[in-house]
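Here is the structure we will look at, set down as C-alpha cells.
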Amino acid sequence: MFWLKPLAAPQAGFAGRPPLLLRRCPGACAELRRAMSRYLDYSEPLLKLDGAADKAPASTFTRWNPLLPNCGPEDEFKAYLTGSDYRGGSTVCVGGRFAAGQLWPNTVNTTLFTLLPGIFYWSQVLPQFKDCHVVKGMQIVLSVAIVVSFFFAAFMNPGIVPRRNKIPDFEDGNALNHATGHPHQRFLLLPDPNPGNPNGGVTVRQKFCTTCMIFRPPRAKHCSFCDNCVLRFDHHCTWLGNCVGLYNYRAFVTLILDCHDILDRVRICSVHDLAREKPEE
C-alpha cells in the first residue's frame with residue numbers, strides 16, 4: 001500500500017469483530033500531498049470519530065527524492081531531525097536527508113569485507129579475460145551499482161518519525177490505561193482502494209510507542225538498535241548498520257539483486273580461470 005486514503009466510517013461488516021475505534025484523519029483529503037508528512041496525521045492522539053467518510057479527491061503524492069539538492073524531509077521532520085529535540089540513536093546530517101546507524105563495527109566491517117575481496121578479484125582474476133570486453137563491461141556496471149546502492153541503503157534516512165517529549169493529553173479520560181499510564185491501542189479502518197467495494201477495507205491495529213510517545217503510523221515500528229520509530233519498517237540490517245524502511249527499501253533491494261548477479265559472474269569467471277590454469281597430464 002503506497003499511500004493511505006482517509007479512514008472510512010464504521011461498516012456493518014465489522015459488527016462481529018471486537019469493539020473498534022474507527023477514526024478518520026482530519027484534513028487528509030485536499031492538503032495531504034507530501035510524502036512523509038501524511039503519516040503524521042496517524043500519530044495524532046486526538047483523532048475524532050466521524051460518522052461519514054469523505055471521498056478522497058484525485059491527488060498526486062510526491063515522493064521525497066534525496067538525489068535532488070533542493071529536496072529533503074518536510075518541515076515537520078526537518079525541524080525534529082535538525083533540532084535539539086532529536087534523541088534517536090542514529091546520526092542525522094544534511095538536513096535530515098541521511099542517517100547513519102551503527103557505523104562501527106557494522107558498516108565499516110561490511111565495507112572492508114566487500115572491498116578487499118573485490119580488489120583481489122579486479123587485480124588478479126578479471127585481467128585474465130583480456131579479450132572478453134562484455135564480461136568486463138558488465139562487471140564495471142554491477143560494481144558501480146553496488147557501491148551506489150550500498151551508500152544509499154546504509155546512509156539514507158529510512159523514514160524516522162518525530163517523537164514527543166511526554167504522553168499527550170487526551171480529552172477522553174478512558175483513553176489511558178490507568179494500570180500502565182499509557183494510552184490504549186486503537187484500531188483504524190483503511191478503506192478498500194477499489195471504489196466498487198464500499199463495504200471492504202482492512203482494519204489495522206495502531207499501537208502507542210512508549211519510547212517515542214506517539215501512536216505509530218500504520219506499518220511503522222520502533223527499532224531497538226537505532227532507537228527510532230521508522231515509517232514502513234521492514235527490518236534492521238546489521239550488515240548496513242541502518243534500518244530498512246520507506247526511503248531506502250528500493251536501494252536495499254537493488255543492492256541484494258546486484259550482489260547476487262555479480263557473485264554469480266565472479267563464480268563463473270573464477271572457475272573458468274582455475275580450469276584454464278590446471279596443468280595438463
Side-chain angles (χ1 to χ4, degrees), residues 2-4 34-43 61-115 145-165 207 209-256 258-259:
F2 175 66
W3 58 277
L4 301 176
R34 291 170 293 181
M36 295 176 70
S37 296
R38 68 179 185 272
Y39 288 94
L40 290 184
D41 284 341
Y42 291 93
S43 63
F61 293 116
T62 57
R63 295 181 64 88
W64 164 42
N65 186 356
L67 298 179
L68 299 179
N70 295 329
C71 294
E74 288 78 10
D75 295 337
E76 297 90 338
F77 288 82
K78 187 176 181 179
Y80 167 72
L81 295 173
T82 59
S84 59
D85 293 335
Y86 176 72
R87 299 190 304 276
S90 301
T91 303
V92 181
C93 59
V94 195
R97 292 175 175 85
F98 298 98
Q102 293 76 43
L103 289 177
W104 174 259
N106 302 57
T107 309
V108 174
N109 284 342
T110 302
T111 303
L112 293 177
F113 293 156
T114 304
L115 187 62
I146 288 174
V147 172
V148 174
S149 59
F150 176 81
F151 174 81
F152 284 109
F155 298 107
M156 186 184 297
N157 181 356
I160 300 175
V161 183
R163 66 173 66 185
R164 298 177 185 271
N165 296 325
K207 291 184 177 181
C209 181
T210 58
T211 302
C212 297
M213 300 299 176
I214 61 170
F215 282 102
R216 298 174 190 164
R219 297 182 63 181
K221 187 178 179 181
H222 189 89
C223 176
S224 59
F225 295 94
C226 297
D227 195 20
N228 290 308
C229 277
V230 179
L231 296 173
R232 293 178 65 175
F233 180 86
D234 187 82
H235 71 285
H236 179 87
C237 182
T238 56
W239 298 100
L240 299 176
N242 195 13
C243 295
V244 178
L246 176 64
Y247 285 107
N248 62 348
Y249 186 80
R250 292 184 178 181
F252 176 77
V253 174
T254 303
L255 174 64
I256 296 299
D258 290 341
C259 287

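Small disclaimer: the values here were computed from a predicted structure and weren't measured.
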request  = For side chain to side chain contact (heavy atoms under 4.5 Å, CB included), just list the numbers for Asn109 and Trp239, CA-CA rounded to whole Å, side-chain angles, deciding distance to a tenth of an Å, and then say yes or no.
outcome  = CA-CA 8 Å; Asn109 284 342; Trp239 298 100; over 6 Å; no
inquiry  = Applying side chain to side chain contact (heavy atoms under 4.5 Å, CB included) to Gln102 and Phe225, what does each step give before you reach the verdict?
reply    = CA-CA 8 Å; Gln102 293 76 43; Phe225 295 94; 4.1 Å; yes
Minimum heavy-atom distance Gly241-Asn106, with the two atoms named = CA-CB, 3.9 Å
key: Contacts of Phe233 that satisfy side chain to side chain contact (heavy atoms under 4.5 Å, CB included) - sequence neighbours left out   = Lys221, Cys223, Val230, His236, Cys243
Residues in side-chain hydrogen bond (donor to acceptor under 3.5 Å, both in side chains) contact with Arg164, at least two apart in sequence or another chain = none
message = To the closest 0.5 Å, what do you measure between CZ (Arg216) and NZ (Lys207)?
response = 6.5 Å
request  = Taking all heavy atoms of Ile214 and all of Pro162, pick out the closest pair and write down the distance.
outcome  = CD1-O, 3.7 Å
request  = Grab the two heavy atoms, one from Gly96 and one from Asn157, that are nearest each other, plus how far apart they are.
outcome  = O-ND2, 2.9 Å
message = Please determine whether side chain to side chain contact (heavy atoms under 4.5 Å, CB included) holds for the pair Leu255 and Ile146, giving the CA-CA distance in whole Å, both sets of side-chain angles, and the decisive distance to 0.1 Å.
response = CA-CA 6 Å; Leu255 174 64; Ile146 288 174; 3.9 Å; yes
query = Do you know the tightest heavy-atom contact between Gly89 and Asn228?
reply = N-ND2, 4.0 Å
ask   = Going from CG on Leu103 to CG on Leu240, what distance comes out if it is rounded to the nearest 0.5 angstrom?
value = 11.5 Å
task = Apply the test side chain to side chain contact (heavy atoms under 4.5 Å, CB included) to residues Thr91 and Phe155: give CA-CA distance (whole Å), side-chain angles for both, the deciding distance (0.1 Å), then the verdict.
result = CA-CA 9 Å; Thr91 303; Phe155 298 107; over 6 Å; no
query = Going from CZ on Phe150 to OG1 on Thr254, what distance comes out if it is rounded to the nearest 0.5 angstrom?
reply = 14.5 Å
message = Within this structure, what is the CZ-CZ distance for the pair Arg97 and Phe152, rounded to the nearest 0.5 Å?
response = 11.5 Å
message = Is it the case that over 12 heavy atoms from other parts of the model lie below 6.0 angstrom from the OH atom of Tyr86?
response = yes
With a 3.5 Å cut-off and sequence neighbours excluded, list the donor-acceptor pairs that the side chains of residues 77-85 form with protein atoms.
{"residue": "Tyr80", "atom": "OH", "partner": "Arg163", "partner atom": "NE", "Å": "3.4"}
{"residue": "Thr82", "atom": "OG1", "partner": "Lys78", "partner atom": "O", "Å": "2.5"}

query = Looking at CG of Leu115 and OG1 of Thr110, how far apart are the two atoms once the value is rounded to the nearest 0.5 Å?
reply = 12.0 Å
inquiry  = Which heavy atom of Asn248 sits nearest to which heavy atom of Pro158, and what is that distance?
reply    = OD1-CB, 3.7 Å
Contact summary for Met156 and Asn242, nearest pair of heavy atoms = O-ND2, 3.1 Å
